[in-house]
2 protein chains.
Amino acid sequence: MADKVTIADVARHAGVSRQTVSNVLNAPELVREHTQRRVLEAVQALGYRASQAARQMRTGRSQLIAARIEPAQDDGINGFVFDRFLHGLTESAALAGYRVLLYTAADHEAELATFDDLLGVYVPDAFVLTSLDYGDPRPAWLLEQRIPFVTFGRPWGVPPAQRYPWVDVDGAAGTAAATRYLLDAGHRRIGFLGWPAGSGVGDDRREGWARTLTAAGAEPAELAELDYRTDDGAPHGEAAARALLDRDRPVTALVCVSDSLALGALQAGRGIAVIGFDDTPVARAVGLTSVSQPLSEVATRCVSLLTRALDGNGAGARARETQAYDTGTEVLLRPSLVRRRSA
Amino acid sequence: MADKVTIADVARHAGVSRQTVSNVLNAPELVREHTQRRVLEAVQALGYRASQAARQMRTGRSQLIAARIEPAQDDGINGFVFDRFLHGLTESAALAGYRVLLYTAADHEAELATFDDLLGVYVPDAFVLTSLDYGDPRPAWLLEQRIPFVTFGRPWGVPPAQRYPWVDVDGAAGTAAATRYLLDAGHRRIGFLGWPAGSGVGDDRREGWARTLTAAGAEPAELAELDYRTDDGAPHGEAAARALLDRDRPVTALVCVSDSLALGALQAGRGIAVIGFDDTPVARAVGLTSVSQPLSEVATRCVSLLTRALDGNGAGARARETQAYDTGTEVLLRPSLVRRRSA
DNA sequence: TTGAAAGCGCTACCAA
DNA sequence: TTGGTAGCGCTTTCAA
């Protein structure tokens, strides 16, 4: 199956010049309608598709968006979030005429080297960054090279001078909703099972719980009592839940920073109410109520931010439903609470 | 940062012709060593990297491997397997000088259309197919177009005339090992919690259990009694385990076709031994013994099969450790049993 | 062993 | 509104 239909074949078939064909495809307004139709018919008949490589040589655009596929996490449960995001990204990108190119890198330094390599060889038009952390060198690097990019995740601790487009999910809003839900169900001793302080994501999620309890009248001292910090993983969650239950005034409910910790808390038994974060398959499997990130919309927004920068047009479906905050290039989406047996 | 170092820049810097530079890079044996070194130094100094687009125009090779990122499964737990495979693929491909290009498709028909589209535009050098099923039209299509591809998954019910390279994991060997392990632990009533007959993967896994029990002296009638079939998902697993436990002669152990079913069985309580399949994060989280697929090696083998077809060289690391069966283009790898608390 | 020329398929820039 | 020309950066002839 020789798929080598070139623009010249189309031109011959339609009885016009190569140029006209190119115009019909790239700047239709320049071509008479009659001619357009003839050309389009020829395109159809021949099954012509513009070669991306040839186009790239002229335009310098590869129609490629590079994204990193992350190695398995310690716990692995959260690979899920990234995987679903990547799926959404692939889908949204395709709609906008882009494809997703994958790469891996062991650490930030290796990733910068990969940026350089990719940029020299495949020349992706943009990058999508995930798992941003404090002091992350990647945005600054891309900014300096003037490479378009967007991040899934707010810039944590980045000087305002370094502004760039990002999309994120409002974790605090998620835990706030979870806490409010437990409050409404009559709980008064609602603990928070979180990661050690210092991670942007973890601290943000803790904050939503804290401010909701505070608004409900909790004193700082009580908050401190209810706030438990531990590394991620079900075993840690189980131990933490036990500790919180063995106190003088035990908790009756737990808001957790991750499904892993929540799963552990669930396993600690004692029938307390537990709410997790991320709505991973585990949550579904064990009936765990969990905060769900709108990953598919996060992906759509990322692509839309990118195409705006790339194509100059701000087209793209800009769904307003779950939107919480939007400065144009900084988008914070609201998560939702998926209710199941655990709370 | 103008990254536009071309071959001409290198030639000028090294004081040779463009051609010589190309030769140094593509056919070094044609160039005197002294010249080579000079050129290589210039390449280094200038940070030259050959443009993939330009190379593709000449050679027709895109150095791209296309793979589909699957939508979330019903249950979601198994997205994990694919995600880890994809990660390994990206890594192995990079080592071999290829990048992974992602696409999605809702069903087989849409996927064939995507093949066609991709082939016309980005022209990937090869495809990697996953989740093969009976009557899968994709291999035949690619075979007919003479597009190189490899599948992760054996061809189920495909006429031998349609031979193509594949890599798979010996599921039967996995469940056989699991069954033997339970036998050695003293269990005599070992049930199998599987999917309804008709899925290649599911039937294969059932077979490993059946043959091991048979070898241990079980009668067909007993096997039938111990063989329970249900759809995937923890709730189904829980119900099934209950049913098997409420029988006259209850099972004392369960080999499961998936971690989802195993998780359900675990939740049914009663402390029976349970072994799952795929060693997903859930298994790790709840201490479930599970059969683990060597996904990273599957990926390596896929790439190695591909590069053999593409580059003509059979290079690539061909690790022999986990290898069980290898005809050169058909590779069946052995899974391993990860022992945890559940059995 | 090295260099010159051609051309992959496309689009930007002109001129008609 | 249409068509001609040039050239993106590379590699594959062929000639020196």
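Computed from a predicted structure; not experimentally measured. Chain letters run A, B, ... following the sequence lines, proteins first and then strands; every chain starts at 1.
- Remark on the helix from C/dT1-D/dA16 to C/dA16-D/dT1: inter-end axis angle 40°, axes from five-pair C1' superpositions, rounded to 10°.
- Applying the side chain to side chain contact (heavy atoms under 4.5 Å, CB included) criterion to A/Ser62, with sequence neighbours excluded, gives A/Gln56, A/Leu64, A/Asp125.
- Applying the salt bridge (charged side-chain N to carboxylate O under 4.0 Å, His left out) test to residues at least two apart or on different chains, the pairs with a partner in residues 106-115 of chain B are B/Arg68-B/Glu111, B/Glu111-B/Arg138.
- Applying the salt bridge (charged side-chain N to carboxylate O under 4.0 Å, His left out) rule to pairs touching residues 9-34 of chain A yields A/Asp9-A/Arg12, sequence neighbours excluded.
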Polar atom pairs (N or O), protein with nucleotides 14-16 of chain D, under 3.5 Å:
none

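- B/Tyr122 is linked by a ring pair (Phe, Tyr, Trp, His ring centres under 6.0 Å) to nothing, counting only residues two or more places apart in sequence or in another chain.
- Protein atom CG of B/Leu30 is 10 Å distant from nucleotide atom P of C/dT2, rounded to whole Å.
- With sequence neighbours left out, A/Tyr103 forms a ring pair (Phe, Tyr, Trp, His ring centres under 6.0 Å) with no residue at all.
- Partners of B/Tyr48 according to the ring pair (Phe, Tyr, Trp, His ring centres under 6.0 Å) rule, which considers only residues two or more places apart in sequence or in another chain, do not exist here.
- Side-chain contact between B/Leu118 and B/Phe127: present, with at least one pair of heavy atoms (C-beta onward) separated by less than 4.5 Å.
- Checked against ring pair (Phe, Tyr, Trp, His ring centres under 6.0 Å), A/Tyr98 has no partners two or more places apart in sequence or in another chain.
- Taking atom CZ of residue A/Arg38 and atom C1' of nucleotide D/dT2, one finds them 12 Å apart after rounding to whole Å.
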Given protein heavy atoms under 4.0 Å, the one-letter contact record of nucleotides 6-13 of chain D, with B base, S sugar-phosphate only and - none, is simply -BBBBBB-
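- With sequence neighbours excluded, the residues that form a side chain to side chain donor-acceptor pair (under 3.5 Å) with B/Asp117 are A/Arg49, A/Arg99.
- Listed by chain and number, the residues in a side chain to side chain donor-acceptor pair (under 3.5 Å) with B/Ser17 are B/Thr20 (sequence neighbours excluded).
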